[in-house]
Amino acid sequence: MTHHRVRIAPSPTGPLHIGTARTALFNYLYARHTGGTYVLRLEDTDQARSSIEFERDILDGLHWLGLGWDEGPEVAGEAARGPFAPYRQMLRLPLYAEAAERLLAADAAYPCYCTPEELSADRAAQEAARLPPRYVGRCAGLTTEERAARSADGRAGALRFRVGKGVVAFDDVVRGRVEFDVANLGGDFVIVRGDGSPLYHFTVVVDDAAMEITDVIRGEDHLSNTPKHILLFRALGHPEPRFAHLPLILNPDRTKMSKRKSQTAVSDYIEEGFVREALVNYLALLGWATGTEEEVLSIDEIVERFELDQVHKGGAVFDRGRLEWLNGQWIRRLDPDDLVDRLRPFVAAELAAGRIDWMPPDDELRSLLPVIGERLPTLGAIGDLVGFLWVRDLVIEPALLVPKRWDAVTTKQGLASARLVIAETGPVSFEAEELEPPLRALAEEHAWKVGDLFMAIRVAVTGRTATPPLFDTLVALGLERTLERLDRAIAALEGGVER
RNA sequence: GCCCCCAUCGUCUAGAGGCCUAGGACGCCACCCUUUCAAGGUGGAGAUCAGGGGUUCGAAUCCCCUUGGGGGUACCA
């Protein structure tokens, strides 16, 4: 049995994209399922667009998701670990130069001196003639003397790979047999720029060969590039890996998921309070299914069940609603202490934003868990849900105070008598179970609907109509602050309310 | 334009010739629970399996065509 080596090769030209995360996940799943090796390689040859900030965002994001790799740079900007180091393409330049030299020596590639103007003129002419764009091969047959003359002119030669003739076929693990006629590849393509820097199609093959990658698992957008890669593998004298092209993640309009039409940055999902378990679970189920009716799965359970050849062929629309549902499932499954740890930064963010006035201690947060857990679609929703617990002066919309069936006078009377009842229970016995019966009795005594009474109290102490259960909320607030808020609400009702 | 890929409820999917009068999940609707909101439970609407031809005793499943959608066509990755 072969030892599988797979890789994720992100380009630090933008923040970690949901699609990259999914590709990373599938590589991870495959490596772990087969007991193989999972490599991370940074493809930073586009120096104009690459940055260390993006590199950090990508590595941190993948770590956050729990998709650790066996070889590659652990931390942005730092050296990599593994037998094939370095794992950052800008540090591997000599390797590409050497490979380019070999291809040139074998005449598998040749220097091309065409100017951008010539090239775009060619393209324009082809377009006018309604022909597919392709390199015309102006420099393909240059003699050594002609090449020397052009170099002497000071023209920088790019290196073009000879595409040749024939059909390239391969067996894609998810798609089956795929064939391309080399004639449709667009002619000889550039592998090294005029300035000597190598291009993607070239570096990816040189590195996959050097790093002994056995299975290339990537997005479907690379399917049409695969014949170029295969040709390069052959020219370099290296056996071709197996290829598996994953279906794309789509915008709601079924085009390739993009920043323009969807939220694509993993960091944005983290900031909203999605948990890694849910994101991983959701992403794994985009384009793959267990074949059973299991839906909520941990990453280990997914590793166990994952099979690359069960991956779907068709693209999948990113459905945020389903992700939110899974997020709720996972929030409810988390260990309480873990959940407190994860919630804390979101409460801190509320404080930093000035939406609350102080930071609750961990044990307070923890005691709240039973009533807030099932009400949090995301961790970031905690402020909206119970932020009222940690503000000094609650702002209440007076009109909200009066239940639909009541008027201001009744509300005032209701709150005042409720205040009396609550005060009587005293601080020692201020518990949910003790608060409810007397308040219900109060409603009955006045022939009020309990819902109306409870709603008036709810709004008075929280400022909202949707909250966790009322009595748990009162206990969380404490006797003193409960009474204080009731007093303020009663005062606000003075002189009636417009509605 | 050319090349390649794809096609089951709105969405994610089960389905590898008879088990399918097509199953599950999200979302939606109703009911139950209930002090609000959730969560949970029960039920419902929702797919002539893109369309048309074949193959076969039998096709969502195999083949062909059409249509539709997507991706790729750079001295980007």
Side-chain angles (χ1 to χ4, degrees), chain A residues 9-14 43-46 48-50 112 114 116 119-120 123 126-127 129-135 156-160 172 174-175 178-181 183-186 189-195 197-201 203-204 219-227 245 247-248 250 252-256 282 285-296 310 312-326 328 332 371-377 385 403 436 439-440 443 449-455 457-459 462 464-471 473:
Chain A
S11 175
T13 53
E43 309 222 322
D44 55 353
T45 52
D46 184 346
R49 294 196 296 148
S50 295
C112 168
C114 295
L119 261 17
S120 61
R123 198 161 307 150
Q126 286 158 346
E127 204 173 313
R130 303 178 63 79
L131 288 168
R134 62 179 290 122
Y135 177 59
L159 198 62
R160 272 186 198 274
D172 191 283
V174 344
R175 270 145 231 285
V178 184
E179 294 186 358
F180 287 86
D181 189 327
N184 294 317
L185 257 31
F189 57 94
V190 175
I191 55 175
V192 180
R193 293 186 181 92
D195 67 3
S197 61
L199 256 12
Y200 168 74
H201 294 309
T203 59
V204 73
E220 193 199 321
D221 43 351
H222 283 295
L223 188 59
S224 324
N225 293 329
T226 304
H245 287 93
L248 260 21
L250 274 22
D253 65 3
R254 306 203 71 89
T255 54
K256 179 162 89 166
Y282 178 71
L285 261 23
L286 265 192
W288 174 78
T290 59
T292 68
E293 282 173 3
E294 302 169 300
E295 305 267 356
V296 184
Q310 282 172 358
H312 258 230
K313 297 177 171 79
V317 172
F318 189 89
D319 180 358
R320 193 196 156 91
R322 199 171 145 82
L323 171 61
E324 279 183 17
W325 169 75
L326 264 175
R332 273 165 246 136
V371 293
I372 64 175
E374 65 215 34
R375 277 166 254 264
L376 288 173
L385 222 208
E436 187 166 350
L439 254 5
R440 278 190 186 276
K449 293 242 184 208
V450 286
D452 291 335
L453 206 223
F454 289 3
M455 184 54 83
I457 301 173
R458 168 177 292 112
V459 175
T462 70
R464 352 189 25 130
T465 53
T467 70
L470 181 60
F471 304 104
T473 303

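Hydrogens, waters and symmetry mates are skipped; everything else that's a heavy atom, side chains included, is used. Convention: sequence-line order gives letters A, B, ...; per-chain numbering from 1. Treat the numbers as computed from the prediction; the structure is a model and nothing was measured.
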**Request:** Answer with base, sugar-phosphate or nothing: what part of the nucleic acid does Asn225(A) contact at a heavy-atom distance below 4.0 Å?
**Result:** base

**Message:** Taking pairing as Watson-Crick or G-U wobble with both contacts under 3.5 Å, can you name the mate of C49(B), or confirm there isn't one?
**Reply:** none

**Message:** I'd like to check the ring pair (Phe, Tyr, Trp, His ring centres under 6.0 Å) partners of Tyr200(A); sequence neighbours left out, ordered by chain and number.
**Reply:** His222(A), His229(A)

**Message:** Counting the atoms with a prime plus P, OP1 and OP2 as sugar-phosphate, which does Arg134(A) contact under 4.0 Å by heavy atoms, base, sugar-phosphate, or nothing?
**Reply:** nothing

Taking only N/O atoms, report every protein-nucleotides 2-13 of chain B pair under 3.5 Å with atom names and distance.
from, atom 1, to, atom 2, distance (Å)
C5(B), O2', Arg175(A), NH1, 2.5
C12(B), OP1, Val317(A), N, 2.8
C12(B), O2', Leu285(A), O, 3.0
U13(B), OP1, Gly287(A), N, 2.4
U13(B), O3', His312(A), NE2, 3.3

**Prompt:** Distance check: side-chain N/O of Thr45(A) vs OP1/OP2 of A77(B), anything under 4.0 Å?
**Reply:** yes

**Asked** Partners of Arg440(A) by side chain to side chain donor-acceptor pair (under 3.5 Å), sequence neighbours excluded?
**Response** Glu436(A)

**Request:** Report which part of the nucleic acid Leu453(A) touches: base, sugar-phosphate, or nothing (heavy-atom distance under 4.0 Å, all strands).
**Result:** nothing

**Request:** Report the residues that fulfil side chain to side chain donor-acceptor pair (under 3.5 Å) with Arg254(A), sequence neighbours left out, ordered by chain and then residue number.
**Result:** none

**Asked** Who passes side chain to side chain donor-acceptor pair (under 3.5 Å) against Asp172(A), sequence neighbours left out?
**Response** His245(A)

**Contacts of type salt bridge (charged side-chain N to carboxylate O under 4.0 Å, His left out), residue Arg175(A), not counting sequence neighbours** = Glu220(A)

**Item:** Selected nucleotide, minimal atom distance to Leu199(A) side chain, candidates A77(B), G71(B), G23(B)
**Value:** A77(B)

**Request:** Could I get the full list of salt bridge (charged side-chain N to carboxylate O under 4.0 Å, His left out) partners for Glu127(A), not counting sequence neighbours?
**Result:** none

**Complete:** Glu293(A) meets the salt bridge (charged side-chain N to carboxylate O under 4.0 Å, His left out) criterion, sequence neighbours left out, with none

**Asked** Between Arg193(A) and Ser197(A), is any side-chain donor less than 3.5 angstrom from a side-chain acceptor?
**Response** yes

**Complete:** Whether each nucleotide of nucleotides 34-51 of chain B has a protein heavy atom under 4.0 Å at its base (B), only at its sugar-phosphate (S) or at neither (-) is summarised, 5' to 3', as -BBBBSS-----------

